**Q** 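Right, I'll just put the structure down here and ask away after.
What's counted below: heavy atoms across the whole structure, side chains too, no hydrogens, waters or symmetry copies. Given the structure is predicted, the values throughout are model-derived calculations rather than measurements.
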Amino acid sequence: MAHKRSGGGLSTAQQAAKFLGVSVLAGVVLAGIALPAAGALGLSAKGTAKGFDDLPGELRQPPLSQASKILDANGGLIATVYSRDRTVVPIQDMSPNILTAIVAIEDSRFYQHGAIDIKGILRALSNNSGGGSTQGASTLTQQYVKNVFVEEAGDDPNKVAQATQQTVGRKIKEMKYAIQVEKELGKKKVLENYLNITFFGEQAYGIEAASQRYFSTHAKNLTLTQAALLAGLVQSPSTYDPVSDPQEAIKRRNTVLARMAQLKDITPAQAATAEKAPLGLKVSSPKNGCITAVNGAGFFCDYVRETFLQNAAFGKTKEDRAKTWDTGGLTIKTTLDPKAQASVLSGIQKHVYKSDKVAAAGVLVQPGTGKIVAMAQSRPYGFGTNQTQINYSVDENMGGGGGFQNGSTFKPITAAAALEAGYQPSQVYPSPYEMPYPAVTTCSGANIPAGGHTQNESKSEVGPFAMPEALKKSINTYFVALEANVGLCPIVKMADKLGFGRADGKPLQQIPSLTLGTNEVSPLTVAAAYAAFANRGTYCTPIAIQSVTNTAGKSLTVPKSICSQAMSQKTADTLNTMLKGVVDDGTGTAANLDGRETAGKTGTTDDRWAAWFAGYTPNMAAAVWMGDPRHSQKMLNVTIGGVYFDKVQGADGPAPIWKDAMTGALEGQPALNFVTVPMNIPDKGQQPPASPGPGGQQSPPANPTNPTNPGGNKGGGKHNGPGGITLPTFFPPGGAQQ
């Protein structure tokens, strides 16, 4: 055991330790000299002089991760998101109190020594080898370098451990880079960078975030006592956390004040007064992520995040995009209209309570631009009771669920395909109350045999019907017959051109009940497709982001809406004329907007698992879904929003929500009219008798044509292959009602 000599001198062993330690650390830094004694400390020559020389000449300083702001279309803040809560500020926006306090407690000789404090090393080694309390010898510049390594490690625990491991090799690396950094930046910039990168506890990185977290003030306004407390946190944010342990925090703050007085940064009287002051905390809770979004926009916020992480416009690889997002400092201006968002949220909350057994969701899309202007649902974004993080409005890969059968809101797509193929609105089918499903042929040429049957909502709904009235009354048997004549493949291709795909990402199921909406889709998909009807046949892919700028003010490339003609304008105008009739005096009258031409379609699935209303004006389209996302509650004999329903239909569940949402969203916008066309439908008494084929449907036109797409699908759809006419046979049931 080593002992001090009489008179307070060091023992031989202590002197040797001191000499060897200083030689390794100071000698390597100053001259890169390989010492024979290095091996005694477990440091090889390669790990000292050669290792030092082999280090890269420059420290790679990654951009500091900061908070990003997600804004609405008017520039209002939706939410602040970050991986690390940090706001970088220049040194002139930091109080002189914090500049003085941090130097006093962390590196009092900061302005006297270089990047490495040799005197500090000697003092620390002397103290440590003498058996006293362990002292460090890192300068502020060295600490800054270490924090750069930690920042670059991100949230990878292994990389963080490597960046902070207590080894001589890491210390040498830190020293070399400290020399380079201080030479390049100078003392003032090093101090600024240090205060911007350092962790202060309570999720706060950098002095500005720490000032906001503990005192709800800016770094430039920090008082002496506030600055002393924050400077004291750096050594151990958890030990001296004033929120969890006020007494330890006061002791540490007063240690800083005493040190400042000792260095004559403040007078003893100032220190004494400050030491008696209370902590004076005014804590601001961390507000991070989409859960903090205003106006019920948490799900839209999450959709923006998913858009950023999945779109190649923001980085070639998934890792690149994630790194850009986590680094933050972005200002993301979105397409969200705050007035429309408030209107949709209000409309949903008025009719559906968050505690109801069923839920509702609605999306608004602007025709011609693809802009998503509102997105809301009845169950709030969160983790608590009656809350969820599943976005019912979008596809599964964008944070949604598996989607919902959309019922008869699919029928207009069948109608559009028929019109494109040369069928006329005057096309008549017998449309009995009940009929068998026909055999059909898929795009791959596979023949699906007969089986099952479908029926209309009411036994009184029997034909013959032409297309406009069949849409008004949502006649299932009419559209099954129309589907049989048009063929599955043209309908599937039309769906593709309208961006109409399953929410789970799989291809649409090509089955005889396709026209009755038996595929699970999302409200955003339906709203965007209906926006194409409003836009006279031009489909535009939905977008949520208008612009992105980084901390340097540089604009990043953002994905643009891609618009393509899904059908001729004549087809769209014809369809709009018929769907206007649905709202004027059909199943959708509850959605009719006062003083505005309105078109749309109701949808209700078998057993009332889901109900829809999708509709539009010339300048806005929207889809509202209602149902149980868990698929365990049928909407029969159920109370929703305090109102009892014996059975929910698209006409009385979603339609009133749609009307309330659209009324507020369109307030102040011009009331535009559709381009309509004459239907030329003869009176029933004047109609020639239908010419039924097998199964009861009328024969198709002799030469059906596709005026806009004679050669196939120009919309980039997923399906190809033969279509054409199929014969009516049977298919297992599974359809949609009104």
Side-chain angles (χ1 to χ4, degrees), residues 78-79 285 287 289-303 338 340-364 374-394 396 399-407 503 520 522-524 526-527 590-591 602-605 607-613 622-665:
I78 295 175
S285 300
K287 294 182 179 179
C290 293
I291 198 170
T292 66
V294 300
N295 215 7
F299 299 100
F300 177 80
C301 170
D302 202 53
Y303 182 81
Q341 176 67 18
S343 182
V344 174
L345 183 64
S346 175
I348 290 174
Q349 292 177 338
K350 177 181 175 182
H351 296 277
V352 184
Y353 299 156
K354 64 180 181 180
S355 58
D356 285 341
K357 294 181 179 179
V358 301
V363 181
L364 268 63
M375 180 183 290
Q377 62 191 52
S378 59
R379 292 178 184 165
Y381 188 97
F383 305 93
T385 303
N386 300 321
Q387 295 181 334
T388 183
Q389 285 188 292
I390 298 175
N391 187 346
Y392 302 143
S393 296
V394 302
E396 188 172 26
F404 318 99
Q405 290 184 335
N406 67 306
E520 289 83 5
S522 68
L524 176 57
V526 178
T602 54
T604 312
T605 67
D607 295 321
R608 267 58 180 186
W609 291 114
W612 294 72
F613 186 82
V624 173
W625 157 86
M626 178 184 289
D628 178 8
R630 298 170 301 178
H631 210 65
S632 62
Q633 174 66 55
K634 297 179 181 180
M635 291 187 293
L636 297 168
N637 301 313
V638 63
T639 298
I640 305 173
V643 177
Y644 174 78
F645 294 84
D646 58 349
K647 56 181 180 180
V648 173
Q649 302 183 90
D652 56 16
I657 297 175
W658 187 94
K659 181 175 182 177
D660 288 346
M662 288 283 282
T663 297

**Q** Please report the shortest heavy-atom distance between Q377 and L345, naming the atom on each side.
**A**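 Here Q377 and L345 meet closest at O-CD1, 4.3 Å.
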**Q** Looking at I657 and A360, what are the two nearest heavy atoms and their distance?
**A**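 Closest approach of I657 to A360, heavy atoms only: CD1-CB, 4.3 Å.
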**Q** So do the side chains of I291 and F383 get within less than 4.5 Å of each other, counting heavy atoms only?
**A**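 They are in side-chain contact.
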**Q** Please give me the minimum heavy-atom distance between A623 and P523, naming the atom from each residue.
**A**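 Answer, listing the atom of A623 first, then P523: CB-O, 3.5 Å.
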**Q** side-chain contact (heavy atoms from CB on, under 4.5 Å) with M626: which of D356, V352, T604?
**A**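 Answer to the side-chain contact (heavy atoms from CB on, under 4.5 Å) test with M626 among D356, V352, T604: V352.
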**Q** When you compare the side chain of Y644 with that of N637, does any pair of heavy atoms fall below 4.5 Å?
**A**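 They are in contact (side-chain heavy atoms under 4.5 Å apart), so the answer is yes.
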**Q** Using a 3.5 Å distance criterion without hydrogens, assess whether the side chain of S393 forms a donor-acceptor pair with backbone atoms of S522.
**A**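 Such a contact is absent between S393 side chain and S522 backbone.
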**Q** Checking Q633 side chain against D628 main chain: does a donor-acceptor pair fall under 3.5 Å?
**A**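 Pair absent, no side-chain N/O of Q633 close to backbone of D628.
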**Q** Quick one: pull up CG in L524 and CZ in F300 and give me the separation to the nearest 0.5 Å.
**A**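 L524 atom CG to F300 atom CZ measures 10.0 Å (nearest 0.5 Å).
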**Q** Counting distance only, does the side-chain N/O of W658 pair as donor-acceptor with the main-chain N or O of A622 below 3.5 Å?
**A**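 Indeed, once roles are kept as given, a pair shorter than 3.5 Å links the two residues.
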**Q** Can you check whether G296's main-chain N or O pairs, donor with acceptor, with Q341's side chain at less than 3.5 Å?
**A**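 Yes, the answer is positive, given that a donor and an acceptor are paired below the 3.5 Å cut-off.
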**Q** Main chain of K647, side chain of R608: is a donor-acceptor contact present, judged purely on distance under 3.5 Å?
**A**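 Checking the backbone N and O of K647 against the side chain of R608, no donor-acceptor pair under 3.5 Å is found.
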**Q** Are the side chain of E520 and the backbone of G401 linked by a donor-acceptor contact shorter than 3.5 Å?
**A**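 Side chain of E520 to backbone of G401: no pair is present.
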**Q** About how many Å separate CZ of R379 and OG1 of T385, when rounded to the nearest 0.5 Å?
**A**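 Here the interatomic distance stands at 11.5 Å.
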**Q** Within the side chain of W612, is there an N or O that forms a donor-acceptor pair under 3.5 Å with the backbone of Q405?
**A**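 Indeed, once roles are kept as given, a pair shorter than 3.5 Å links the two residues.
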**Q** Do W609 and K634 touch side chain to side chain, with heavy atoms closer than 4.5 Å?
**A**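 Yes, their side chains come closer than 4.5 Å.
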**Q** Which atom pair, heavy atoms only, marks the closest approach of A79 to T292?
**A**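 That closest heavy-atom pairing would be CB-OG1, 4.0 Å.
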**Q** Which heavy atom of S343 sits nearest a heavy atom of A665, and at what distance?
**A**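 Smallest interatomic distance, heavy atoms only, reads OG-N, 3.3 Å.
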**Q** Using every non-hydrogen atom in the two residues, find where G627 and P629 come nearest and quote the distance to one decimal.
**A**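 In this case the closest contact between G627 and P629 is O-CD, 3.5 Å.
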**Q** What is the distance from atom OG1 of T602 to atom CD of Q649, rounded to the nearest 0.5 Å?
**A**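 Between T602 OG1 and Q649 CD, I get 8.0 Å after rounding to 0.5 Å.
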**Q** Check whether N391 reaches the backbone of G399 with its side chain - one donor and one acceptor, N or O, closer than 3.5 Å.
**A**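 It does not hold such a pair.
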**Q** To the nearest 0.5 Å, how far apart are CH2 in W625 and OG in S378?
**A**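 Interatomic distance, W625 CH2 to S378 OG, rounded to 0.5 Å: 7.0 Å.
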**Q** Apply side-chain contact (heavy atoms from CB on, under 4.5 Å) to the pair Y381 and Q389, showing each step before the final yes or no.
**A** CA-CA 5 Å; Y381 188 97; Q389 285 188 292; 3.4 Å; yes
**Q** Has the side chain of N295 got a donor or acceptor atom that lies under 3.5 Å from a matching backbone atom of P338?
**A**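 Such a contact is found between N295 side chain and P338 backbone.
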**Q** Is the shortest heavy-atom distance from the side chain of Y392 to the side chain of F299 under 4.5 Å?
**A**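 They are not in side-chain contact.
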